[in-house]
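Read through the structure below, which is laid out as structure tokens, and then see the notes.
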Number of protein chains: 4
Amino acid sequence: MRVADPAPAAAEFAAAQGVPLSKSLDDVLRDPQVQGVVLCTPHTQHTEQIIRAADAAKHVFCEKPLAPTTDECLRILDAEMARGRRLVQVGFNRRYDLAYRQMKSTLLDGTLGTPLMAHCAHRNPSVPPHYVGGMPITDTAIHEIDIVRWLLDQEITAARVLKPRRTSRAKPELQDPLIVLMEMADGALVDVEVFVTLAYGYDIRCEVVCELGTVALGNGSPVVLRKDNLRSDRVPNDFQERFAQSYENEVQEWVDGVASGEASGPSAWDGYAATAVADACLAALDSGERVGVEMRQRPAFYGQAAALAAVGGAR
Amino acid sequence: MRVADPAPAAAEFAAAQGVPLSKSLDDVLRDPQVQGVVLCTPHTQHTEQIIRAADAAKHVFCEKPLAPTTDECLRILDAEMARGRRLVQVGFNRRYDLAYRQMKSTLLDGTLGTPLMAHCAHRNPSVPPHYVGGMPITDTAIHEIDIVRWLLDQEITAARVLKPRRTSRAKPELQDPLIVLMEMADGALVDVEVFVTLAYGYDIRCEVVCELGTVALGNGSPVVLRKDNLRSDRVPNDFQERFAQSYENEVQEWVDGVASGEASGPSAWDGYAATAVADACLAALDSGERVGVEMRQRPAFYGQAAALAAVGGAR
Amino acid sequence: MRVADPAPAAAEFAAAQGVPLSKSLDDVLRDPQVQGVVLCTPHTQHTEQIIRAADAAKHVFCEKPLAPTTDECLRILDAEMARGRRLVQVGFNRRYDLAYRQMKSTLLDGTLGTPLMAHCAHRNPSVPPHYVGGMPITDTAIHEIDIVRWLLDQEITAARVLKPRRTSRAKPELQDPLIVLMEMADGALVDVEVFVTLAYGYDIRCEVVCELGTVALGNGSPVVLRKDNLRSDRVPNDFQERFAQSYENEVQEWVDGVASGEASGPSAWDGYAATAVADACLAALDSGERVGVEMRQRPAFYGQAAALAAVGGAR
Amino acid sequence: MRVADPAPAAAEFAAAQGVPLSKSLDDVLRDPQVQGVVLCTPHTQHTEQIIRAADAAKHVFCEKPLAPTTDECLRILDAEMARGRRLVQVGFNRRYDLAYRQMKSTLLDGTLGTPLMAHCAHRNPSVPPHYVGGMPITDTAIHEIDIVRWLLDQEITAARVLKPRRTSRAKPELQDPLIVLMEMADGALVDVEVFVTLAYGYDIRCEVVCELGTVALGNGSPVVLRKDNLRSDRVPNDFQERFAQSYENEVQEWVDGVASGEASGPSAWDGYAATAVADACLAALDSGERVGVEMRQRPAFYGQAAALAAVGGAR
């Protein structure tokens with residue numbers, strides 16, 4: 001393990017843990033013992049760094065978004081395909097959450113028939129001051145964009161964004177809440193409530209409606225409290241409380257994949273697709289109209305394997 | 001109590017119960033002891049019959065829809081207003097359901113802040129063969145049209161209808177499911193999933209999302225079964241199982257209202273508004289576009305009193 | 001309908017509703033149009049009044065307990081059997097609650113196999129000042145005594161009462177909570193938590209554990225609230241909120257039974273058995289020991305029919 | 001890391017992973033780099049092995065039971081106290097389960113007031129052929145014995161065991177189900193349903209009843225399925241599905257504790273107490289009577305610190 005960090009304090013912290021320091025990313029990439037690289041850099045630097053890592057045949061893990069524009073994403077795809085094997089994984093952590101995995105395996109086992117709709121809600125109690133403009137799409141709905149692609153195993157082809165009455169609790173420059181409507185390639189419809197200043201807690205909901213029944217994220221909490229004329233489940237405070245385990249699974253499975261040379265998990269293609277859909281949503285938010293998603297044809301290189309393989313770990 | 005029925009069998013059944021028979025509606029209306037009339041006639045006959053009853057100063061209860069067209073509804077409104085007091089009640093039974101009433105009283109007590117959105121689903125396991133065309137709007141979504149007007153205490157101003165991938169279980173001439181999107185006068189947005197051949201049961205869902213929290217119809221059933229690795233609540237089979245009590249409440253409160261001379265419950269105005277919104281939804285289903293609801297200005301005669309008074313009975 | 005009431009105010013109220021007044025119970029019983037009598041008298045007067053009504057061949061409904069002692073209960077049984085048909089019904093309202101009825105029908109349909117245990121809790125937020133001594137048995141656990149006899153369709157043969165640590169919220173002369181343990185004729189065991197000053201609400205719980213699964217009263221409330229990091233069902237405030245509908249069903253079915261001449265519902269035998277079991281529980285509370293229930297052999301006259309017939313109305 | 005295993009296959013497997021092999025436990029204990037030892041040996045060998053490890057000042061982790069008899073447990077306590085610091089941890093994994101930890105922290109935060117009762121159920125779908133005799137106590141209820149000591153932070157002082165009607169699904173030599181009643185030092189009462197052949201699944205339930213409310217393990221599952229007129233949470237199949245995460249937490253926290261030299265988690269005292277209570281339960285099962293728990297006075301050495309410290313990790 002090696003660490004390269006331009007911030008001296010972070011570098012010293014790593015050194016104090018006994019991790020050897022490198023001067024730069026290139027220094028790390030030159031080390032033949034290094035098999036994979038975790039980029040914790042701003043997404044504006046992802047493209048160049050990922051391409052250099054791919055050129056060095058190293059695995060790369062980076063947080064979403066893969067890159068700021070679809071053009072840059074495509075450059076990454078091209079670099080990866082040029083190496084002939086999957087090297088890039090994007091941090092869509094929800095695919096590693098036990099509950100979403102059980103939804104996926106339920107959909108796959110076929111007892112509910114064909115999925116026709118999905119209803120989602122993404123609710124936060126509050127957002128930081130710098131959260132403005134299109135961030136309800138690019139930072140919040142982006143999770144639903146990825147997860148419905150994964151759950152329904154197909155692309156999103158068009159989007160529309162509706163603006164409900166605004167909450168008085170959001171600052172004036174933020175349209176909150178939003179309803180994002182998405183069309184899937186096979187005609188299934190997805191609606192996503194995005195409401196980032198809904199006081200009561202961090203509540204993530206998702207129900208997929210099929211021909212014979214539905215499967216949804218559960219509502220129950222680890223303990224139930226009876227008090228003051230209420231029988232209550234707890235709603236988490238934030239994404240850490242809700243998704244802590246998924247991050248651990250994500251990193252562990254990435255490490256395992258690097259060790260075995262078998263990349264799985266959200267691919268560069270998934271990163272590209274999410275960016276393309278987010279672009280369509282932003283345009284739809286702007287225009288009030290239905291906007292088609294513009295995407296390159298999916299190369300055979302990216303198969304369907306990643307999505308299906310990732311279910312393997314589900315219980 | 002008197003019964004008039006053109007069908008001899010029905011008339012004979014009533015007579016066997018000791019109910020005096022009348023030859024015709026006019027015969028009933030001439031009886032000075034009769035205070036109110038329950039019309040169980042096809043809705044195409046409602047307008048003339050209601051107007052005759054109103055002219056005779058009798059209370060009238062009829063099932064939804066009030067009349068087939070908004071023009072006929074307006075004729076009823078005019079006849080009622082001409083009599084100077086409320087005489088007509090339309091059978092929107094959900095306003096008499098304990099759960100919806102608790103939702104309403106929760107919204108009224110103000111602890112959740114302003115409502116911004118409502119998410120509804122109306123799911124039936126199956127529909128009869130004659131259920132076709134616009135009936136998902138006029139026979140099914142019509143309940144949600146009324147109940148969100150009542151819950152949010154305002155008119156619906158525009159509608160849009162989306163067509164998700166069709167279920168293979170519906171007959172070809174039926175677009176099933178649908179998503180109906182409605183805009184309220186104050187900007188709140190309502191989405192309604194209408195899915196009338198969703199195999200698993202009769203499931204009515206409604207969540208109103210406010211600034212500080214949400215209130216929703218509960219999911220629990222009277223008993224919980226643990227069996228075969230499942231902990232299960234029962235989903236009702238049909239509207240009788242789900243709403244039986246609301247029908248009893250509806251009739252009882254109507255009778256009480258007739259006795260006291262104080263009409264409450266869904267008014268002729270509510271019947272007119274539901275028809276106007278349904279017309280907009282049908283046009284939207286046809287065109288795929290957003291359609292504004294065309295309605296006369298609400299006369300002071302219909303106040304806001306009905307909706308609020310009806311909450312009085314809620315626990 | 002006739003009313004006899006020694007309290008002038010009550011009598012005048014009834015008269016004002018247009019109900020003819022009678023001077024005394026005997027006056028009522030002499031009226032050949034009267035088919036049934038509802039006794040709203042102190043239970044110390046039940047025995048004589050019921051026997052007089054039975055002698056007059058009138059149906060009688062009275063609240064629990066049937067009579068203060070098992071000896072008096074047996075006099076009532078003898079009087080009823082002497083008339084040759086069932087005339088007496090005791091007010092165990094829970095048998096008319098939809099949820100208990102669904103439990104009963106689930107147990108009867110056989111899919112869960114033989115019942116082996118039942119876990120019950122009877123929780124009140126508070127009790128009035130005059131609630132002391134054995135009242136946790138005679139006024140509170142008495143409901144569970146009846147309902148488990150009915151659910152499991154057999155007699156209780158022995159009881160034991162345990163005294164947990166006392167709550168600091170009860171007055172010193174009240175042992176609260178209690179745990180009542182009861183043995184059924186076939187060996188099934190029942191435990192009942194009786195806790196009458198448990199602050200959070202009126203909460204009635206019951207789970208019957210069978211060989212293949214369990215069935216329990218549900219926990220859900222009509223609406224669900226999301227607020228302040230909680231997703232909450234409401235716990236009722238008191239027995240009126242929880243059991244209002246059961247009282248209406250009880251009276252309606254009694255009236256129907258009187259009209260048809262077919263008595264159903266909790267019989268004089270059920271009233272006798274509950275008193276006998278309560279006596280055993282009181283002795284067990286006193287002694288700390290296991291106490292056998294002393295009961296006369298069940299006469300064929302009382303069959304098993306009542307319990308099973310009452311399920312007929314369940315959905 | 002070193003492995004010593006008398007079974008050649010296991011030893012070879014470890015060697016293949018690159019773990020150095022030792023010939024014997026003593027060989028391991030002589031290695032100055034070894035700080036802690038995980039015993040995966042039969043519990044009949046625990047006592048000698050633990051004492052040898054303690055003599056070598058190594059930390060020891062072993063599965064429950066600590067030792068077959070309380071006398072052997074006391075020898076372990078003495079050996080540990082002779083070394084002057086805590087070295088032994090027993091594998092009561094439930095203390096590492098998120099849900100039990102939330103129960104504990106809820107009880108500690110004081111909003112519910114004093115605990116007065118606990119209701120538990122330990123249900124298995126089936127047991128292996130060698131599961132007989134007292135194993136419902138020593139292998140099954142043993143978990144509840146430990147967890148209620150931990151949740152209520154006090155010793156169990158007496159026990160009684162009731163025998164409900166036996167299920168026809170258990171083999172004749174097994175009394176199944178059982179109800180275990182336990183008295184806590186402060187008078188709180190605990191009832192535990194132990195039912196190891198209850199077909200429907202692995203279901204662990206626990207509710208602590210306090211003066212102002214209750215806290216219980218939740219019932220919800222990660223996903224909710226709507227199908228066939230049911231809205232269902234999944235009940236786990238077995239303890240692995242239910243408690244997998246707790247085992248990971250347990251090992252990780254033990255390793256962290258060894259590294260820091262700060263032992264926490266279930267102590268040798270907890271192992272001794274569980275064995276003493278199990279002995280009382282076995283005697284009570286045999287005699288049908290209430291049996292007092294015989295235990296040495298708790299040495300100051302074992303403080304109350306362990307139980308409280310372990311809550312630190314709870315969310």
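Just so you know, these numbers use all the heavy atoms, side chains as well, and skip hydrogens, waters and symmetry mates. Quick note on labels: first sequence line is chain A, next is B, and so on, each numbered from 1.
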Subject >> Residue Pro236(A) versus chain C: region with a heavy atom under 4.5 Å >> reply: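 For Pro236(A), the backbone is the part near chain C, not the side chain.
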
Subject >> Over all atoms of both residues, closest heavy-atom pair of Cys210(C) and Leu107(C) >> reply: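 Nearest pair, atom of Cys210(C) first, then Leu107(C): SG-CD2, 3.6 Å.
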
Side chains of [X] and [Y]: closer than 4.5 Å at any heavy-atom pair?
X	Y	value
Pro115(A)	Val209(A)	no
Leu282(C)	Val291(C)	no
Ile142(C)	Val277(C)	no
Met117(A)	Val208(A)	no

Subject >> Ala141(A): partners by side chain to side chain contact (heavy atoms under 4.5 Å, CB included), with sequence neighbours left out >> reply: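 Only Val194(A) meet the side chain to side chain contact (heavy atoms under 4.5 Å, CB included) criterion with Ala141(A).
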
Which donor-acceptor pairs sit under 3.5 Å apart between chain C and chain A?
from	atom 1	to	atom 2	distance (Å)
Tyr200(C)	O	Asn229(A)	N	2.7
Asp203(C)	OD2	Arg226(A)	NE	3.3
Asn219(C)	OD1	Arg226(A)	NH2	3.3
Arg226(C)	NE	Asp203(A)	OD2	3.3
Arg226(C)	NH2	Asn219(A)	OD1	3.3
Asn229(C)	N	Tyr200(A)	O	2.7
Asn229(C)	O	Val235(A)	N	2.8
Asn229(C)	ND2	Val235(A)	O	2.9
Asn229(C)	ND2	Pro236(A)	O	3.4
Asn229(C)	ND2	Asn237(A)	OD1	3.3
Arg231(C)	N	Asp233(A)	O	2.8
Arg231(C)	O	Asp233(A)	N	2.9
Arg231(C)	NH2	Asp233(A)	OD2	3.0
Ser232(C)	OG	Ser232(A)	OG	2.8
Asp233(C)	N	Arg231(A)	O	2.9
Asp233(C)	O	Arg231(A)	N	2.8
Asp233(C)	OD2	Arg231(A)	NH2	2.9
Val235(C)	N	Asn229(A)	O	2.8
Val235(C)	O	Asn229(A)	ND2	3.0
Pro236(C)	O	Asn229(A)	ND2	3.4
Asn237(C)	OD1	Asn229(A)	ND2	3.3

